[in-house]
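Encoded as structure tokens, the structure appears first; notes follow it.
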Amino acid sequence: MSADAAVLVATALAAVGSLVLAAELIQQRRELRAAFAWDVLETQYAGLLKSPVRAGIARRLLDGPAFDASLALRVPLAIAAVALTVAGNPLAGLTALGLVLLNVTLHARLLYGLDGSDQMATIVWAGLAAYWLAPSGWAQSAALAFVGAQFALAYITSGVAKAISPQWRGGEALPGIFSSGNHGLGAAATLVGFRPVALAACWVIIAVEALGPPLAFLHPAVLAVFTALAAAFHLGVALTMGLNLFFWSFLASLACFVWLATQAHGVL
Amino acid sequence: MLAIWLLISVANQIHDGSVLRPLHRLDLGSLVPSWTFFAPRPGVTDHVLVYRDLDESGATTPWRPLTSPVRPLRAAVWNPGKRIEKLITDCASVLTGPAAGQPPVAIEAEYLLLQRLVENAPHDCRAVATQFALLDVAETRRQPAARKLISSPAVPLGAPRP
């Protein structure tokens, strides 16, 4: 995969994720503002408690129409990022940087209720911003490698953490997760209710997560199989666990990982 | 800068981020990830916030959950409710985690956020106060078994907020 193709695929996938995120946040903006009560959350910032002026500015920026506008701003930025990337226009870097700042602002405003998909989206947009704003081809490669390395780090860390877990090694983790309300699904719970299926599924996940990224560096065929498995895995996670935004942000980072592994194939 | 970001991210994966814990409060944008995902202890229970209303005579309504205990299938594509569910889980983790006081102190931000969620929920028209409890529910989709983690005293409705 060429760098241009990786950037285009990553941008398109991350943009769809940003649009879904924006739509979800806009639809829930009143509920979110009430639930994530700023008069409670601002107490978490020592700097705001000491300065009424700063507290007033923060309140205006993070708890009023300005914050609602920041939610909506994702839509034109995400669309512009794709259009500018297709056109090969370096201004795509500024739109990506804008989306990074919006994600950071969202985290600073909500403090709770966010997850790894939000973090990976920020990483992808930061890498894409650095790619377009980089002064040299080497720096552009480093920016893509950063996103690909974060994808590999996520998979390997998650796989190792599962490998040291008795519940995952023993096959009890998936039946437990799938029988929960927040991250479960009746049909999936029934399927992994059969112990051999649960045990096999847990070990396949451990193996793919922990060994997939390093093995994908060795051969293009392994990379192709791993890419297909990872895409299917995130589709399955969305369907069974309702973690819809992981699909978009992790597949966007997967595109950069595929580019990174392809570079390694030329060296190894 | 990206190289430093990556190195810090790698360091944060060691011992569940304990190496960099003193720096976590500085990471306002949550830029440093923790990629363990449902491991080593998978989340197999649901944190459910339930509440009931009290009228002037002290009579109570039945307990009811603040959010639906079971996620719809469309959440695979469209899941706006996950933020508030995750807020409840995050607050529960802080209030009942290893660093939590015994019993949880009602002036903790996480406790106040749960209280605010309940205050903003629909209430019985005769309600003068409400009460909430945080439950840990196992096997939600099979045979639910709930364990109470926290319960609040009666919270007057319409009272001035702190």
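No experiment lies behind these values; they were computed from the predicted model shown. Residue numbering restarts at 1 for every chain, and letters A, B, ... go by the order of the sequence lines.
Every residue meeting the salt bridge (Lys or Arg N to Asp or Glu O under 4.0 Å) condition with A:Glu42, not counting sequence neighbours, appears here in chain and number order: A:Arg59.
If you measure heavy-atom distances from A:Ala130 to chain B, the contacts under 4.5 Å come from the side chain alone. Neither the backbone nor the side chain of A:Thr105 has a heavy atom closer than 4.5 Å to any heavy atom of chain B. Within the 4.5 angstrom heavy-atom criterion, only side-chain atoms of B:Thr89, from C-beta onward, approach chain A. Contact of A:Phe151 with chain B is not made at all, since no heavy-atom distance falls under 4.5 Å. Both the backbone and the side chain of A:Gln150 come within less than 4.5 Å of a heavy atom of chain B. For B:Val77, the part lying near chain A is the backbone, with the side chain staying farther off; criterion is any non-hydrogen pair under 4.5 Å. Using a 4.5 Å cut-off between heavy atoms, B:Leu6 contacts chain A through both its backbone and its side chain. Contact of A:Ala23 with chain B is made through backbone and side chain together, with heavy-atom distances under 4.5 Å. With a threshold of 4.5 angstrom between heavy atoms, A:Ala145 does not approach chain B through any atom at all. For A:Gln44, the parts lying under 4.5 angstrom from a heavy atom of chain B are both the backbone and the side chain.
Between chain A and the residues B:Ala3, B:Ala76, B:Ala109, B:Ser34, the most heavy-atom pairs under 4.5 angstrom are made by B:Ala76. With chain B as the partner, the residue from A:Leu114, A:Thr43, A:Val20 showing the most heavy-atom pairs under 4.5 Å is A:Leu114. In terms of heavy-atom pairs under 4.5 angstrom with chain B, the leader among A:Leu153, A:Leu185, A:Asn244, A:Leu106 is A:Asn244. For the set B:Val32, B:Val137, B:Leu113, the entry with the most heavy-atom pairs within less than 4.5 Å of chain A is B:Leu113.
A salt bridge is absent between B:Asp53 and B:Arg126; no separation between the charged side-chain nitrogens and carboxylate oxygens falls under 4.0 Å. Remark: A:Arg30 does not engage A:Asp68 in a salt bridge, criterion side-chain N to carboxylate O under 4.0 Å. Looking at B:Glu119 and B:Arg116, a side-chain N of the basic residue comes within less than 4.0 Å of a carboxylate O on the acidic one, giving a salt bridge.
For the residue pair B:Asn120 and A:Glu31, no side-chain donor N or O sits within less than 3.5 Å of a side-chain acceptor on the partner. Side-chain N/O atoms of B:Thr45 and B:Asp136 include a donor and acceptor closer than 3.5 Å. No side-chain N or O of B:Gln131 forms a donor-acceptor pair with one of B:Ser152 less than 3.5 Å apart.
In this structure, B:Trp35 has its ring center under 6.0 Å from that of A:Phe250.
In this structure, B:Tyr111 and B:Phe132 have tilted ring planes: the angle between them lies in the 30° to 60° band.
Contacts with chain B (heavy atom to heavy atom, under 4.5 Å) involve these residues of residues 171-182 of chain A, listed by number: A:Ala173, A:Gly176, A:Ile177, A:Phe178, A:Ser179, A:Ser180, A:Gly181, A:Asn182.
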